[in-house]
Amino acid sequence: MSLIEDDPPDAPGSGANTPEFTVSELSRGVKRTLEGAFGHVRVRGELGRVTFHRNGHVYLDLKDENAVLAGVVWKSAVRALEIRPQEGDEVIATGRITTFAGQSKYQLVIEALAYAGEGALLAKLERLKKALAAEGLFADDRKRPLPYLPRTIGVVTSPTGAVIRDILHRLAERFPLRVLVWPVAVQGPSAAGQVSEAIRGFNRLPTDGPVPRPDLLIIARGGGSIEDLWGFNEEAVVRAAAASDIPLISAVGHETDTTLIDFAADRRAPTPTAAAEMAVPVRAELAATLAELEARRLRALTRMLETKRRRLADMTRALPRPTELVELRRQRLAARHLPDPRRLVETARARLALPAGRLRPALEGVVNHGRLELTTRTGRLSPLRLRDRTKRSRQEVRSLALRLPPAIQRLIRGLREQSAASGRLLESLSEARTLARGFAIVRGRGGTVATRAAAIAPGAALDLHFADGHVSAQAKGGAPSSLDGATPLKAPGKPTAPRRGKGSKSATGARQPSLFDET
């Protein structure tokens with residue numbers, strides 16, 4: 001259909017048979033013709049200029065080696081696009097041709113946009129891969145080891161697909177733990193933005209917040225075509241995975257599928273189920289391993305203790321018995337320092353015999369004096385009174401004779417108690433008791449007992465004898481002028497009882513009798 005007749009003009013410049021159109025009429029006619037002939041077209045070309053206007057529209061150019069076609073994507077259609085247009089991409093644009101009368105231009109109103117075949121996608125993928133690798137985002141030294149036993153795992157995937165069910169089921173079988181799911185779209189133009197935001201969101205969680213921060217992330221999606229998985233090849237997703245502070249496992253597609261996030265992740269899993277197996281060990285196997293290690297530890301400990309016990313028994317056989325060592329030291333100590341107990345007993349008996357010998361003549365003198373007085377008084381009395389007095393005197397003598405033995409026994413008992421008290425006092429002042437109260441005997445060279453600090457030269461070797469053994473020491477510094485109020489330790493020898501003056505009294509005010517006082 002043509003807007004202008006094909007009849008030739010009659011004469012140049014006359015225009016008699018040529019219809020006249022206004023500019024608007026001609027523009028409308030051109031618009032109707034183009035929209036009628038090209039109401040729905042698919043155009044293949046390379047994207048040139050791509051402009052994202054602030055009003056939400058996208059203006060771009062489609063070009064080949066010979067021509068350029070202007071295109072526009074209205075705001076209402078931008079969200080439905082499968083890809084984000086970028087300069088240099090080879091695409092197939094679907095839409096309709098229309099004109100813009102204000103500038104006498106025509107353009108393609110794009111309704112759908114897709115890459116021009118798999119080859120174009122792979123070429124773009126290779127260019128992006130080389131650029132990101134040049135930045136070092138895929139370097140092996142940036143990859144971190146996965147935690148052996150994470151407490152919380154974050155999963156970025158679709159909440160309605162089979163992937164999340166497979167991951168949860170596998171984790172429950174191997175090692176049940178806390179799982180946080182961040183739901184995202186895993187296909188379409190919004191997938192890249194949601195996945196990258198989920199990775200950054202998990203990393204922003206505080207370690208001590210109400211929502212636990214994951215120790216490991218899993219980015220998962222099922223298999224699909226290169227167009228379906230293209231969201232995980234986007235630069236934003238790759239950079240978010242490389243910048244994650246949390247170790248990350250990529251589990252996108254099947255084993256043969258490869259996306260750029262696989263190179264930026266710390267580990268790549270061929271399937272989402274394999275990612276769950278990488279994340280945690282098998283709890284039953286771990287428990288069995290721990291039980292085996294515990295059994296080995298107990299066996300090794302038992303063998304070590306048995307070896308030590310046998311070695312100790314062998315060494316014990318070569319040592320002298322403790323009773324023999326103590327008895328030998330006791331004999332040496334008694335021979336050198338302690339007086340003979342039998343000599344002490346004999347001395348006490350001799351001291352007791354002297355008062356007893358003095359007491360017997362005195363008692364005999366009293367009895368003889370009584371008898372003499374009785375005889376004198378008897379001679380002066382009349383025979384009757386003499387008989388009476390004699391009888392009474394005999395009774396008194398008999399009573400005195402009966403009272404005399406108990407008195408002598410009490411006296412002897414008192415002397416024995418005083419002797420026992422003297423023995424206990426002697427024992428309390430012995431060397432062994434003195435050492436047990438915290439004192440020590442200081443001996444110098446040759447075994448001589450040092451009784452004064454001035455007698456010890458600086459640097460002299462000393463032997464300190466305590467109640468339970470000996471300690472070697474060395475004198476340091478000069479001899480002090482005083483002992484700061486401390487009582488110097490006396491040399492071992494004959495203990496001396498504390499002295500009391502003639503006028504000293506006990507706590508009750510009476511004079512304490514002495515066993516050795518003269519009678």
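Remember, it's a predicted structure, so these values are computed and weren't measured experimentally.
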_Main-chain N/O of Ile153 paired with Asp215 side-chain donor or acceptor, under 3.5 Å_ = no
*Shortest non-hydrogen contact from Pro272 to Arg221?*
CG-O, 3.9 Å
*State the CD1-CH2 distance between Ile219 and Trp182, to the nearest 0.5 angstrom.*
11.0 Å
_Among Val109, Leu108, Ile110, exactly one meets side-chain contact (heavy atoms from CB on, under 4.5 Å) together with Arg96. Which residue is that?_
Val109
*State, yes or no, whether a side-chain contact exists between Gln86 and Leu47 at a heavy-atom distance under 4.5 Å.*
no
_Donor-acceptor check, side chain of Arg170 to backbone of Ala276, threshold 3.5 angstrom: yes or no?_
no
*Backbone N/O of Ala241 and side chain of Ser244: donor-acceptor pair under 3.5 Å*: no
*So, do Val442 and Val449 sit near enough that their side-chain heavy atoms are less than 4.5 Å apart?*
no
*Side-chain H-bond candidate by donor/acceptor type, Thr259 with Asn233, under 3.5 Å*: no
*asked:* I'd like to know whether Val73 forms a side-chain contact (heavy atoms from CB on, under 4.5 Å) with Tyr59, so could you lay out the CA-CA distance, the side-chain angles of the two residues, the decisive distance to 0.1 Å, and finally the verdict.
replied: CA-CA 6 Å; Val73 184; Tyr59 301 95; over 6 Å; no
*Judged by atom type as modelled, is there a donor-acceptor pair below 3.5 Å linking the side chain of Asp166 to the main-chain atoms of Thr273?*
no
*Drop me the distance from Phe202's CZ to Ile246's CD1, to the nearest 0.5 angstrom.*
7.5 Å
*Roughly how far apart are Arg28 CZ and Phe21 CZ, rounded to 0.5 Å?*
11.5 Å
_Backbone of Gly48 reached by a side-chain donor or acceptor of Asp61 within 3.5 Å_ = no
*Quick one: closest heavy-atom pair of Pro176 and Ala172, and the distance?*
CG-O, 3.5 Å
*asked:* Walk me through whether Leu464 and His470 qualify under side-chain contact (heavy atoms from CB on, under 4.5 Å).
replied: CA-CA 6 Å; Leu464 305 182; His470 294 258; over 6 Å; no
_Restricting to non-hydrogen atoms, name the atom on Ala264 and the atom on Phe138 that form the minimum distance, rounded to 0.1 Å._
N-CD2, 3.8 Å
_Check: Lys105/Thr99 side-chain N/O donor and acceptor closer than 3.5 Å_ = no
*Looking at His465 and Leu435, what are the two nearest heavy atoms and their distance?*
O-CD2, 3.6 Å
_Evaluate Val155 against Val179 for side-chain contact (heavy atoms from CB on, under 4.5 Å), listing each step before the verdict._
CA-CA 7 Å; Val155 180; Val179 178; 3.8 Å; yes
_Tell me if the CZ atom of Arg42 is crowded by more than 12 foreign heavy atoms within 6.0 Å._
no
_Let me confirm one number: the CZ-OG1 distance from Arg44 to Thr94, rounded to the nearest 0.5 Å._
12.5 Å
*Can you pull the side-chain hydrogen bond (donor to acceptor under 3.5 Å, both in side chains) pairs that have at least one residue in residues 309-319, sequence neighbours excluded?*
Glu306-Arg309, Asp314-Arg317
*Evaluate the side-chain proximity of Ile218 to Val156: yes if any heavy-atom separation is below 4.5 Å, no if none is.*
no
_I'd like to know if the side chain of Arg142 reaches the main chain of Leu137, judged simply by a donor and an acceptor atom lying under 3.5 Å from each other, with no hydrogens or angles considered._
yes
*Over all heavy atoms of both residues, which pair between Gly154 and Pro214 is shortest? Give the atoms and the distance, please.*
N-CB, 3.6 Å
*asked:* Within the 4.5 Å heavy-atom criterion, are Leu149 and Phe175 side-chain neighbours or not?
replied: yes
*So, the side chain of Gln474 versus the backbone of Gly459: is there a donor-acceptor pair under 3.5 Å, distance only?*
yes
*Considering only heavy atoms from C-beta outward, does the side chain of Val252 approach that of Asp257 to under 4.5 Å?*
no
*Quick one: which of Val163, Val186, Ile164, Val181 gives a side-chain contact (heavy atoms from CB on, under 4.5 Å) with Ser158?*
Val186
*Between Arg49 and Glu87, does at least one N-O distance fall below 4.0 Å, as a salt bridge requires?*
no
_Within this structure, what is the CG-CG distance for the pair Asn203 and Leu217, rounded to the nearest 0.5 Å?_
6.5 Å
*asked:* Using modelled atom types and a 3.5 Å cut-off, is there a donor and acceptor pairing between side-chain atoms of Lys143 and backbone atoms of Ala265?
replied: yes
*Going through the checks in order, is the side-chain hydrogen bond (donor to acceptor under 3.5 Å, both in side chains) test met by Arg178 and Thr152?*
CA-CA 5 Å; Arg178 183 185 293 110; Thr152 304; 3.2 Å; yes
*asked:* So Glu235 and Leu128, do their side chains get closer than 4.5 Å, heavy atoms only?
replied: yes
*Within-4.5 Å side-chain heavy-atom neighbours: Val68 and Leu62*: no
*If you count the non-hydrogen atoms of other residues, nucleotides and ligands that lie under 6.0 Å from CE in Met315, is the total more than 12?*
no
*Within a strict 4.5 Å, meaning less than it, do heavy atoms of the Thr98 and Lys31 side chains meet?*
yes
_As an exercise, state the distance from CG of Asn55 to CH2 of Trp74, rounded to the nearest 0.5 Å._
9.0 Å
*Check step by step if salt bridge (Lys or Arg N to Asp or Glu O under 4.0 Å) holds for Glu135 and Arg239.*
CA-CA 11 Å; Glu135 296 182 20; Arg239 293 189 179 277; 2.7 Å; yes
*Test item: His53 side-chain N/O and Val58 main-chain N/O as donor-acceptor pair under 3.5 Å*: no
_What I want to find out is whether Lys129 reaches Glu126 closely enough, with some N-O distance under 4.0 Å, to be called a salt bridge._
no
_Flag, side chain of Glu25 to backbone of Thr22, donor-acceptor distance under 3.5 Å_ = yes
*Let me see the working for Trp230 and Asp228 under side-chain contact (heavy atoms from CB on, under 4.5 Å), right down to the final yes or no.*
CA-CA 6 Å; Trp230 189 255; Asp228 296 337; over 6 Å; no
*Would you kindly say whether Asp262 and Ser250 are connected by a side-chain donor-acceptor distance under 3.5 Å?*
yes
*Could you tell me which non-hydrogen atom of Leu229 sits nearest to which non-hydrogen atom of Gly224, and how far apart they are?*
CD1-O, 3.9 Å
_Tell me if the CZ atom of Arg151 is crowded by more than 12 foreign heavy atoms within 6.0 Å._
no
*Could Asp266 and Arg144 be called an ion pair, given the rule that one side-chain N must be under 4.0 Å from one carboxylate O?*
yes
_If you count heavy atoms of other groups shown closer than 6.0 angstrom to CZ of Arg437, is the number above 12?_
yes
